[in-house]
Amino acid sequence: MPEVEVLVRHLEPLLRNKRIRKVVVNRERVLRPTRVKELTEKLAGARFIKVERRAKFLKFSLRRAGERQEFTLVGHLGMTGRMYLLPVKATLPKHAAVVLDLDRERFVFEDTRYFGRLTLDTTGLEGLGPEPLGEEFTPKQFGAALKRSGQPIKVKLLDQRLVAGVGNIYASEALFRAGISPRRAASRLSTPQVLRLWKSIREVLTEAIQFGSTVALNYGGTRARDRLFYYGSAPESKNSYEERLRVYDREGKPCVTCRSGIRKMVQAARSTFFCPKCQGR
DNA sequence: CACCATGTTCCTTG
DNA sequence: CCAAGGAACATGGT
C-alpha cells in the first residue's frame with residue numbers, strides 16, 4: 001500500500017489532463033476480464049482527469065471528448081507490477097504488459113509475473129474494508145472485527161475486508177511493533193493489544209509512505225534496486241531499507257530491540273517474520 | 001536444479 | 001452458507 005500511495009502521488013500530476021492517443025496491449029491477461037477491444041475503444045482518445053488510491057488499487061478517472069460522464073480504469077501492481085512514464089524514443093521493457101501512448105510520452109504498465117491488473121472491471125474495489133489511514137478505521141471497529149475470527153492475527157491482517165491495504169511485509173512489521181505474536185488468535189487479542197496493533201498499523205504505513213516520498217525513485221529504472229519497496233534501498237540511500245523494516249526478511253538477524261534471532265515461519269502460505277522474545281505469545 | 005518471492009482468486013475440504 | 005488451507009497464476013533471483 002505505501003508503494004501504491006507513493007506511486008499515485010508521483011503519477012497524478014504527470015497524467016492529469018493528458019490524452020491517450022494509442023493503446024497497445026501485449027499481455028491481455030492483465031486486463032482480466034476486460035478484453036483488448038473494449039479497453040482500446042474506451043481509452044483511445046480519453047483524457048486522464050485524476051489518479052487516486054484505494055487500498056492497493058490505483059483508480060484512474062478518465063473522460064472521453066464530448067462526454068460528460070467519467071469512467072474508471074483500475075490498476076493493481078500485484079507482486080511485480082510497475083507503472084511509469086517513458087519518452088517515446090525509449091526502449092520498452094521486456095515485460096511491458098500495456099502501453100498507453102500520450103502526446104509526448106508513454107505510460108507503461110510493466111509486470112514481469114503478470115499478476116497485476118489494468119482493467120475496466122471495478123468489482124475488485126467492492127467489499128474492501130476501511131482505509132487503514134482513514135477515519136472509518138477505528139480501534140472499536142477493528143476490535144469488533146477481530147473478535148469474529150479465530151484465525152491467527154497475522155493471517156487476519158491480510159484479509160482486505162478487515163482493513164484494506166495491509167500486505168505481507170507490513171503485517172509482520174505492525175505485529176512486531178505492537179509486541180504481539182503473529183500466531184495469536186485474532187479473537188483473543190486483549191483490548192490494549194488491539195489498540196497497540198491499530199496504532200502500529202498506522203505508524204508502519206505512515207512511516208513507509210513518508211520514507212518513500214523522500215527518496216528520489218527511478219520509476220522507469222531498469223535495475224532491481226530502482227524498486228524501492230521490496231528490493232530495498234533506492235540507489236541514493238543504500239541502507240535505508242534494512243533500517244526501515246525491523247523484522248521482514250531478517251531471519252536469523254538480531255532483533256533491533258533484544259538481539260534475539262528473528263524467526264521465520266509460514267502461515268497461510270505466506271512468510272511471517274517475528275521476534276520470539278519481543279512477541280512471545 | 002531447488003526453493004523462494006511485495007498479491008489475489010479459485011477450488012476443495014470440512 | 002461459511003471458514004480455512006492450498007494451489008494456481010508466471011517469471012526471475014539466489
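Keep in mind that the numbers below use all heavy atoms, side chains included, and drop hydrogens, waters and symmetry copies. Convention: sequence-line order gives letters A, B, ...; per-chain numbering from 1.
At a threshold of 4.5 Å between non-hydrogen side-chain atoms, the residues L118(A) and F60(A) count as touching. Two residues are said to be in side-chain contact when any heavy atoms from C-beta on lie closer than 4.5 Å; E12(A) and K50(A) meet this criterion. Residues I153(A) and L197(A) meet the side-chain proximity criterion, which asks for heavy atoms closer than 4.5 Å. For the pair F71(A) and L43(A), the minimum side-chain heavy-atom distance is below 4.5 Å. Counting heavy atoms from C-beta outward, Q279(A) and F176(A) have side chains that approach closer than 4.5 Å. Side chains of F273(A) and L245(A) form no contact here, defined as non-hydrogen atoms less than 4.5 Å apart. Residues R16(A) and F48(A) fail the side-chain proximity criterion, which asks for heavy atoms closer than 4.5 Å. No side-chain heavy atom of F115(A) sits under 4.5 Å from any side-chain heavy atom of T80(A).
As rounded to whole Å, 16 Å separates atom C1' of dA3(C) from atom CD of Q267(A). As rounded to whole Å, 13 Å separates atom C1' of dC9(C) from atom OH of Y114(A). Atom P of nucleotide dA10(C) and atom CZ of R113(A) are separated by 11 Å, given to the nearest angstrom. Distance CZ (R32(A)) to P (dA8(C)): 17 Å, rounded to an integer number of Å. Distance NZ (K264(A)) to P (dC4(B)): 6 Å, rounded to an integer number of Å. Rounded to whole Å, atom P of dA5(B) lies 11 Å from atom CD1 of I169(A). D159(A) has its CG atom 11 Å from the C1' atom of dA3(C), to the nearest Å. When rounded to the nearest whole Å, the span between CG of L118(A) and C1' of dG7(B) equals 16 Å.
Within the nucleic acid shown, R27(A) comes within 4.0 Å of sugar-phosphate atoms alone, with no base atom in reach, counting heavy atoms only.
The side chain of R29(A) has dC9(C) as its nearest neighbour among dA4(C), dC9(C), dA5(B).
Remark: H95(A) is not in phosphate contact with dA10(C), judged by side-chain N or O atoms under 4.0 Å from OP1 or OP2. For dG12(C), one of the phosphate oxygens OP1 or OP2 lies less than 4.0 angstrom from a side-chain nitrogen or oxygen of K94(A). For dT6(B), one of the phosphate oxygens OP1 or OP2 lies less than 4.0 angstrom from a side-chain nitrogen or oxygen of Y248(A).
Comparing A268(A) and R148(A) against DNA chain C, the residue whose closest nucleotide sits nearer the 5' end is R148(A).
One P atom belongs to dA7(C), the other to dC3(B), and the distance between them is 13 Å to the nearest Å. Spacing between dC1(B) and dC9(C) at atom C1', rounded to whole Å, works out to 22 Å. For the P atoms, the distance from dG6(C) to dC4(B) is 14 Å, rounded to whole Å. The separation of dT8(B) from dG12(C), taken at their P atoms, amounts to 22 Å, rounded to a whole angstrom.
Remark: aromatic rings of F137(A) and F142(A) are close, center separation under 6.0 Å.
Helical stems involving DNA chain B, defined as 3 or more consecutive Watson-Crick or G-U pairs under 3.5 Å, span B:2-5 with C:11-14, B:7-14 with C:2-9.
The environment of R263(A) atom CZ is sparse: at most 12 non-hydrogen atoms of other residues, nucleotides or ligands sit within 6.0 angstrom.
Between F115(A) and dC9(C), a base-stacking contact is recorded: ring centres under 5.5 Å apart, planes less than 30° from parallel.
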Tabulate atom names and distances for all N/O pairs under 3.5 angstrom spanning the protein and nucleotides 8-14 of chain B.
unit_1, atom_1, unit_2, atom_2, d
dT8(B), OP1, H76(A), NE2, 3.0
dT8(B), OP2, K56(A), NZ, 3.2

